[in-house]
Amino acid sequence: QLIGGGGASKVNIDKVVVELDELGNLYPFEIPPFFALILRAFSVIEGIALGVDPDYAIVRECTPYIARRLLSDPSPRARALLRQVLYGGKQRLDLERLARMADAFSSFDTDGL
(Lines give C-alpha, C1' and ligand atoms only; values in the text may rest on other atoms or scores of the structure.)
Protein backbone atom coordinates (compact mmCIF):
# COMPACT_ATOMS: atom_id res chain seq x y z
CA GLN A 1 0.00 0.00 0.00
CA LEU A 2 2.72 2.49 0.95
CA ILE A 3 5.17 1.50 -1.77
CA GLY A 4 2.60 2.04 -4.52
CA GLY A 5 2.89 5.83 -4.32
CA GLY A 6 0.39 8.54 -3.62
CA GLY A 7 1.30 8.90 0.05
CA ALA A 8 -1.06 8.70 2.96
CA SER A 9 -4.07 9.49 0.78
CA LYS A 10 -4.17 5.77 -0.08
CA VAL A 11 -3.95 4.66 3.56
CA ASN A 12 -7.09 4.17 5.64
CA ILE A 13 -5.96 6.11 8.72
CA ASP A 14 -9.02 5.07 10.77
CA LYS A 15 -8.18 1.41 10.16
CA VAL A 16 -4.53 1.98 11.08
CA VAL A 17 -5.52 3.71 14.33
CA VAL A 18 -7.88 0.86 15.26
CA GLU A 19 -5.22 -1.76 14.49
CA LEU A 20 -2.59 0.13 16.51
CA ASP A 21 -5.02 0.44 19.39
CA GLU A 22 -5.69 -3.32 19.29
CA LEU A 23 -1.95 -4.03 19.18
CA GLY A 24 -1.43 -1.66 22.10
CA ASN A 25 -3.95 -3.63 24.13
CA LEU A 26 -2.23 -6.93 23.33
CA TYR A 27 1.37 -5.76 23.56
CA PRO A 28 2.00 -2.62 25.59
CA PHE A 29 4.53 -0.51 23.71
CA GLU A 30 5.70 3.06 23.33
CA ILE A 31 7.04 4.72 20.23
CA PRO A 32 10.44 6.25 21.11
CA PRO A 33 10.50 10.05 20.65
CA PHE A 34 13.31 9.87 18.06
CA PHE A 35 11.27 7.43 15.97
CA ALA A 36 8.22 9.68 16.12
CA LEU A 37 10.38 12.57 14.86
CA ILE A 38 11.71 10.45 11.98
CA LEU A 39 8.15 9.50 11.00
CA ARG A 40 7.12 13.14 11.13
CA ALA A 41 10.07 14.19 8.96
CA PHE A 42 9.29 11.46 6.44
CA SER A 43 5.65 12.52 6.25
CA VAL A 44 6.65 16.15 5.64
CA ILE A 45 9.15 15.15 2.93
CA GLU A 46 6.59 12.90 1.28
CA GLY A 47 3.95 15.62 1.44
CA ILE A 48 6.23 18.09 -0.32
CA ALA A 49 7.23 15.51 -2.95
CA LEU A 50 3.59 14.58 -3.60
CA GLY A 51 3.01 18.20 -4.63
CA VAL A 52 5.38 17.58 -7.54
CA ASP A 53 4.76 13.88 -8.21
CA PRO A 54 1.39 12.43 -7.13
CA ASP A 55 2.82 8.89 -7.37
CA TYR A 56 5.81 9.56 -5.09
CA ALA A 57 6.38 7.07 -2.27
CA ILE A 58 9.13 7.71 0.26
CA VAL A 59 9.07 4.01 1.18
CA ARG A 60 10.00 3.15 -2.41
CA GLU A 61 12.87 5.65 -2.26
CA CYS A 62 14.19 4.15 0.99
CA THR A 63 14.13 0.54 -0.20
CA PRO A 64 17.51 0.59 -2.00
CA TYR A 65 19.25 2.03 1.07
CA ILE A 66 17.62 -0.51 3.37
CA ALA A 67 18.59 -3.34 1.02
CA ARG A 68 22.19 -2.18 0.95
CA ARG A 69 22.33 -1.89 4.74
CA LEU A 70 20.88 -5.37 5.19
CA LEU A 71 23.38 -6.86 2.77
CA SER A 72 26.43 -5.11 4.23
CA ASP A 73 25.81 -4.83 8.00
CA PRO A 74 27.59 -7.69 9.81
CA SER A 75 25.70 -7.30 13.11
CA PRO A 76 23.67 -10.30 14.34
CA ARG A 77 20.54 -8.13 14.42
CA ALA A 78 20.93 -7.14 10.76
CA ARG A 79 21.70 -10.75 9.80
CA ALA A 80 18.51 -11.93 11.52
CA LEU A 81 16.48 -9.24 9.75
CA LEU A 82 18.04 -10.13 6.39
CA ARG A 83 17.12 -13.77 6.96
CA GLN A 84 13.53 -12.78 7.76
CA VAL A 85 13.32 -10.56 4.67
CA LEU A 86 14.71 -13.25 2.36
CA TYR A 87 13.03 -16.30 3.86
CA GLY A 88 9.79 -14.76 5.10
CA GLY A 89 9.62 -17.21 8.00
CA LYS A 90 9.92 -20.22 5.71
CA GLN A 91 12.64 -22.86 5.62
CA ARG A 92 13.53 -22.10 1.99
CA LEU A 93 14.77 -18.97 0.34
CA ASP A 94 11.89 -17.00 -1.21
CA LEU A 95 13.19 -16.20 -4.70
CA GLU A 96 10.59 -13.49 -5.24
CA ARG A 97 11.78 -11.70 -2.12
CA LEU A 98 15.40 -12.12 -3.19
CA ALA A 99 14.63 -10.66 -6.63
CA ARG A 100 12.89 -7.62 -5.08
CA MET A 101 15.85 -7.01 -2.77
CA ALA A 102 18.37 -7.39 -5.61
CA ASP A 103 16.35 -4.95 -7.70
CA ALA A 104 16.27 -2.45 -4.84
CA PHE A 105 19.98 -2.88 -4.19
CA SER A 106 20.85 -2.34 -7.85
CA SER A 107 19.06 1.01 -7.96
CA PHE A 108 20.89 2.47 -4.93
CA ASP A 109 23.20 5.38 -5.63
CA THR A 110 24.70 8.26 -3.71
CA ASP A 111 24.71 10.80 -6.54
CA GLY A 112 22.29 13.11 -4.73
CA LEU A 113 24.15 13.07 -1.41
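None of these values were measured; they are calculated from a predicted model.
- In this structure, Leu81 CG and Arg69 CZ are separated by 10.5 Å, a value rounded to the nearest 0.5 Å.
- Counting all heavy atoms, side chain and backbone alike, Tyr56 lies closest to Leu50 at O-CD2, 3.5 Å.
- Remark: Arg83 is positioned above the aromatic ring of Tyr87, its terminal NZ or CZ atom under 6.0 angstrom from the ring centre and at most 45 degrees off the axis.
- The shortest non-hydrogen separation linking Ile45 to Ile58 is CG2-CD1, 3.9 Å.
- Distance CZ/Arg79 to CD/Gln84: 14.5 Å, rounded to 0.5 Å.
- There is no path of hydrophobic side-chain contacts, each under 4.5 Å, that joins Phe42 to Val52.
- A pairwise comparison of heavy atoms in Ala78 and Leu70 identifies O-CD2, 3.9 Å as the closest pair.
- No continuous path of hydrophobic side-chain contacts links Ile48 to Leu37 [ILVMFWY only; heavy atoms under 4.5 Å].
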